[in-house]
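First comes the structure, then the notes that go with it.
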Amino acid sequence: MRSAAPLHETPSGDEPGRPTPRPEPAVGDASLRLVYPQTDGSVAAFRVSALLWFAGMLLLSVPMITLIDISVARWFSNDPLPRELRNGLELMQIFSHGSGVFLVLFGIFLMAPQCRWHLPRLATLAIGAGAIATLAKMFVLRPRPSGLNLDVASIDSAWLWAFDWTLSQVATFDASTRAFPSGNMATATALTVGLWMVLPRGRWLFAAICVGTGVQRLASMAHFPSDILGGAAFGLIWAFVCLHPRLLGNLFDKMQPESEPRRRRRTVGEATEQDTSNAAA
């Protein structure tokens, strides 16, 4: 019977039984394999940077969406949605206010112990997004749909923008004239991004709740569509800050427990040696 070929062939002129030396990988070799996670750092960095691109596109679309603000607000003012759908939209606000965010985080604390170390990041995402949206409201004066007579309003009515760069009216902060951006939508968007990464099995549910939050703010006559897009843009910008490894993301990544698998790199020689030993076993 023919014996199996040895794992390492002895080249002519070499001593028998002496293993063939393996070539050392060159310094800066591009063929480095990432063991954990499955996606390499460049892909992860691209996904985080995509948040900033999406936020920029939403902000650039605000002037165009303003052209349909009055039409959409007038349609919702006629109360076209069924009662059951309106009640369902009210439940969608769980991502956009403090008590709802607390219930979501508390549910993760109880039912997903392996994700507890993500809670500081999720809380920062929700609270911070609402804070920066409120800060932006201090500089922008814009009426809400409920403050306009939509029966006689024209497209020009949606362009009632004023910018208070000197903050002269902060002392008399009137919520009815601080529609842009939507703080509820900013909070819901940032929290959705965080949950999208922490609990990937519920991604489409989280996205549906986020979209429902925007529809609810439109149906309640609290915001125009351009306000919703502006709030979503601010939420994405804050999510970028909390996830980028050179910003706040570095701080939250250090909270990862030691029991979690760490990301490491191995060279091509190490990978080949491990695969050969597994085949011999």
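For this chain, numbers begin at 1 and follow the sequence in order.
Side-chain contact between Thr187 and Val101: present, with at least one pair of heavy atoms (C-beta onward) separated by less than 4.5 Å. A heavy-atom distance below 4.5 Å is not found between the side chains of Met57 and Leu60. A heavy-atom distance below 4.5 Å is not found between the side chains of Ile209 and Thr192. Using a 4.5 Å cut-off on side-chain heavy atoms (C-beta onward), His118 and Ile108 make no contact. Counting only heavy atoms from C-beta outward, the side chains of Val104 and Leu195 approach each other to under 4.5 Å.
A chain of hydrophobic side-chain contacts below 4.5 Å, direct or via other Ile, Leu, Val, Met, Phe, Trp or Tyr residues, connects Leu135 to Trp238. Linking Ile, Leu, Val, Met, Phe, Trp and Tyr residues whenever their side-chain heavy atoms come within less than 4.5 Å leaves Trp53 and Leu236 in two separate clusters. Residue Phe163 is grouped with residue Met138 when hydrophobic side chains (ILVMFWY) are merged at heavy-atom distances under 4.5 angstrom, including chains of intermediate members. Residue Leu89 is grouped with residue Leu205 when hydrophobic side chains (ILVMFWY) are merged at heavy-atom distances under 4.5 angstrom, including chains of intermediate members. Cluster annotation: Val198 is not connected to Leu251 through the hydrophobic network of ILVMFWY side chains, with a link wherever side-chain heavy atoms come within less than 4.5 Å.
Ring geometry, Trp161 versus Phe180: the interplanar angle exceeds 60°, so the pair is classed perpendicular (tilted spans 30 to 60°).
Between atom SG of residue Cys242 and atom CG of residue Leu248 there is a gap of 5.0 Å, rounded to the nearest 0.5 Å. In this structure, the separation between CG on Leu243 and CG on Asn250 is 12.5 Å, given to the nearest 0.5 Å. Considering CG of Leu191 and CG of Leu105, their distance stands at 6.5 Å, rounded to 0.5 Å. For the atom pair CD1 (Ile65) and CZ (Phe224), the distance works out to 13.5 Å, reported to the nearest 0.5 Å. Atoms OG1 and CE, from Thr213 and Met185 in turn, are 6.5 Å apart once rounded to the nearest 0.5 Å. In this structure, CZ in Arg203 is found 6.0 Å from CH2 in Trp196, a value given to the nearest 0.5 Å.
Not a single donor-acceptor pair under 3.5 Å links the side chain of Ser71 to the backbone N or O of Ile68. Judged by distance alone, the side chain of Thr189 and the main-chain N or O of Ala186 form no donor-acceptor pair under 3.5 Å. In this structure a side-chain-to-backbone donor-acceptor pair under 3.5 Å is missing from Arg144 to Ala179. At least one donor-acceptor pair closer than 3.5 Å links the side chain of Asp69 to the backbone N or O of Ser226.
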* Leu247 and Phe240: CA distance, side-chain angles, deciding distance, side-chain contact (heavy atoms from CB on, under 4.5 Å) verdict -> CA-CA 9 Å; Leu247 300 175; Phe240 173 81; 3.9 Å; yes
* Where do Val193 and Leu125 land on the side-chain contact (heavy atoms from CB on, under 4.5 Å) test, with the steps shown first? -> CA-CA 9 Å; Val193 173; Leu125 280 167; 5.7 Å; no
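Taking a 6.0 Å sphere around CD1 of Ile127, one finds it holds 12 or fewer heavy atoms contributed by other residues, nucleotides or ligands. More than 12 heavy-atom neighbours from other residues, nucleotides or ligands sit within 6.0 angstrom of CH2 on Trp75. Remark: Met221 CE is packed, more than 12 non-hydrogen atoms of other residues, nucleotides or ligands lying under 6.0 Å away. Within a 6.0 Å sphere centred on CZ of Phe54, other residues, nucleotides and ligands contribute 12 heavy atoms or fewer.
Smallest separation of non-hydrogen atoms from Leu81 and Leu85: CD2-CD2, 3.8 Å. Heavy-atom minimum distance, Ala129 versus Ala190: CB-CB, 3.5 Å. Of all heavy-atom pairs spanning Ser182 and Arg217, the tightest one is OG-CG, 4.5 Å. Looking at every heavy atom in both residues, His223 comes nearest to Leu218 through O-CD2, 3.3 Å. Between Pro181 and Ala136, the shortest heavy-atom distance links the atoms CD-CB, 3.8 Å. In terms of heavy-atom proximity, Ser77 sits nearest to Leu150 at CB-CD1, 3.9 Å.
A salt bridge links Arg142 with Asp227; the closest basic N to acidic carboxylate O contact falls under 4.0 Å.
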